[in-house]
Amino acid sequence: MAADANSQMLKGILQGCLLILLARKEQYGYAISESLDLFGFGDVPKGTIYPLLMTMEKKGLLVSHMRPSPDGPQRKYYAVTPLGETARQTFMVQWSELKDHVEQLIADRPEK
């Protein structure tokens, strides 16, 4: 049950996390997974990341292009669009507000 709840919460915020990472620099799928791992998201399956990237691209939040790789076949790099930048900024405001509310609830400090 706890793993299911954690998975559902993660799916709700993963798009915002990807927008934050990709706003910093263009990355390809495996590098995105490695970046997420550095921030404690190592349990996110690659089977979750790639469909989300495709969905975000269809929504116009990301663009992609193929680039040669020194290690083998070309890689598909993703970058944030202006619409994606707006979504990133909105996510950051919403996350901050949600985090504050949850922290108030945990500390038993109701808003006035």
Side-chain angles (χ1 to χ4, degrees):
M1 175 79 168
D4 288 341
N6 190 33
S7 175
Q8 289 301 323
M9 276 197 291
L10 182 59
K11 285 180 184 178
I13 62 170
L14 191 55
Q15 176 175 298
C17 293
L18 292 176
L19 289 169
I20 291 168
L21 285 175
L22 294 171
R24 293 177 182 157
K25 69 176 183 177
E26 294 183 356
Q27 294 187 56
Y28 59 95
Y30 184 75
I32 293 168
S33 178
E34 288 181 327
S35 293
L36 287 171
D37 190 29
L38 289 174
F39 288 96
F41 292 92
D43 292 341
V44 176
K46 289 167 191 54
T48 299
I49 296 170
Y50 289 107
L52 183 55
L53 290 168
M54 288 190 311
T55 299
M56 292 170 68
E57 190 171 16
K58 286 179 186 174
K59 290 179 180 178
L61 303 175
L62 301 176
V63 292
S64 66
H65 60 275
M66 300 302 286
R67 195 184 297 169
S69 166
D71 303 323
Q74 290 192 340
R75 293 179 174 154
K76 188 175 192 177
Y77 279 76
Y78 295 89
V80 174
T81 65
L83 183 61
E85 176 57 24
T86 299
R88 182 190 69 83
Q89 291 172 6
T90 300
F91 169 79
M92 291 175 60
V93 168
Q94 291 173 339
W95 174 256
S96 180
E97 290 172 357
L98 178 62
K99 178 183 72 77
D100 290 346
H101 296 313
V102 171
E103 286 175 353
Q104 288 172 356
L105 181 64
I106 290 169
D108 196 20
R109 293 185 324 243
E111 277 190 11
K112 299 183 171 131

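Computed from a prediction, not measured in an experiment: that's the story for all the values here. Atom set for the values below is all heavy atoms of this structure, side chains included, hydrogens, waters and symmetry mates excluded.
- Listed by chain and number, the residues in a side-chain hydrogen bond (donor to acceptor under 3.5 Å, both in side chains) with Gln15 amount to none (sequence neighbours excluded).
- A single hydrophobic cluster is seen to contain both Val44 and Trp95, as judged by linkage of ILVMFWY side chains at heavy-atom distances under 4.5 Å, directly or through other members.
- Taking all atoms of both residues into account, the shortest heavy-atom contact from Leu22 to Tyr78 is CD2-O, 3.6 Å.
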Got a list of side-chain donor-acceptor pairs under 3.5 Å for residues 98-106, not counting sequence neighbours?
unit_1, atom_1, unit_2, atom_2, d
His101, ND1, Glu111, OE2, 3.0

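- Using a 4.5 Å cut-off between side-chain heavy atoms of Ile, Leu, Val, Met, Phe, Trp and Tyr, with links allowed through other members, Leu38 and Tyr28 fall into the same hydrophobic cluster.
- Between His65 and the choices Arg75, Gln74, Glu26, Lys76, the side chain to side chain donor-acceptor pair (under 3.5 Å) rule is met once, by Glu26.
- Proximity of Met56 to Leu19: side-chain heavy atoms (C-beta onward) are separated by under 4.5 Å at one or more points.
- Note on Leu83 and Val80: same hydrophobic cluster, where clusters join Ile, Leu, Val, Met, Phe, Trp and Tyr whose side-chain heavy atoms are under 4.5 Å apart, directly or indirectly.
- Linking Ile, Leu, Val, Met, Phe, Trp and Tyr residues whenever their side-chain heavy atoms come within less than 4.5 Å places Ile49 and Ile13 in a single cluster.
- Interatomic distance, Lys25 NZ to Ile32 CD1, rounded to the nearest 0.5 Å: 10.5 Å.
- Atoms CG and CZ, on Leu21 and Phe41 in that order, are 8.5 Å from each other to the nearest 0.5 Å.
- Thr81 places a side-chain N or O within 3.5 Å of a backbone atom of Leu61 that can act as its donor or acceptor partner.
- A heavy-atom distance below 4.5 Å is found between the side chains of Leu18 and Leu36.
- Ser35 places a side-chain N or O within donor-acceptor distance of the main-chain N or O of Ala31, the cut-off being under 3.5 Å.
- Nearest heavy atom pair, residue Tyr30 against residue Tyr50, reads N-OH, 3.3 Å.
- Side-chain atoms of Ser33 do not come within 3.5 Å of backbone N or O of Gly29 as any donor-acceptor pair.
- The number of heavy atoms from other shown groups lying within 6.0 Å of CE (Met92) does not exceed 12.
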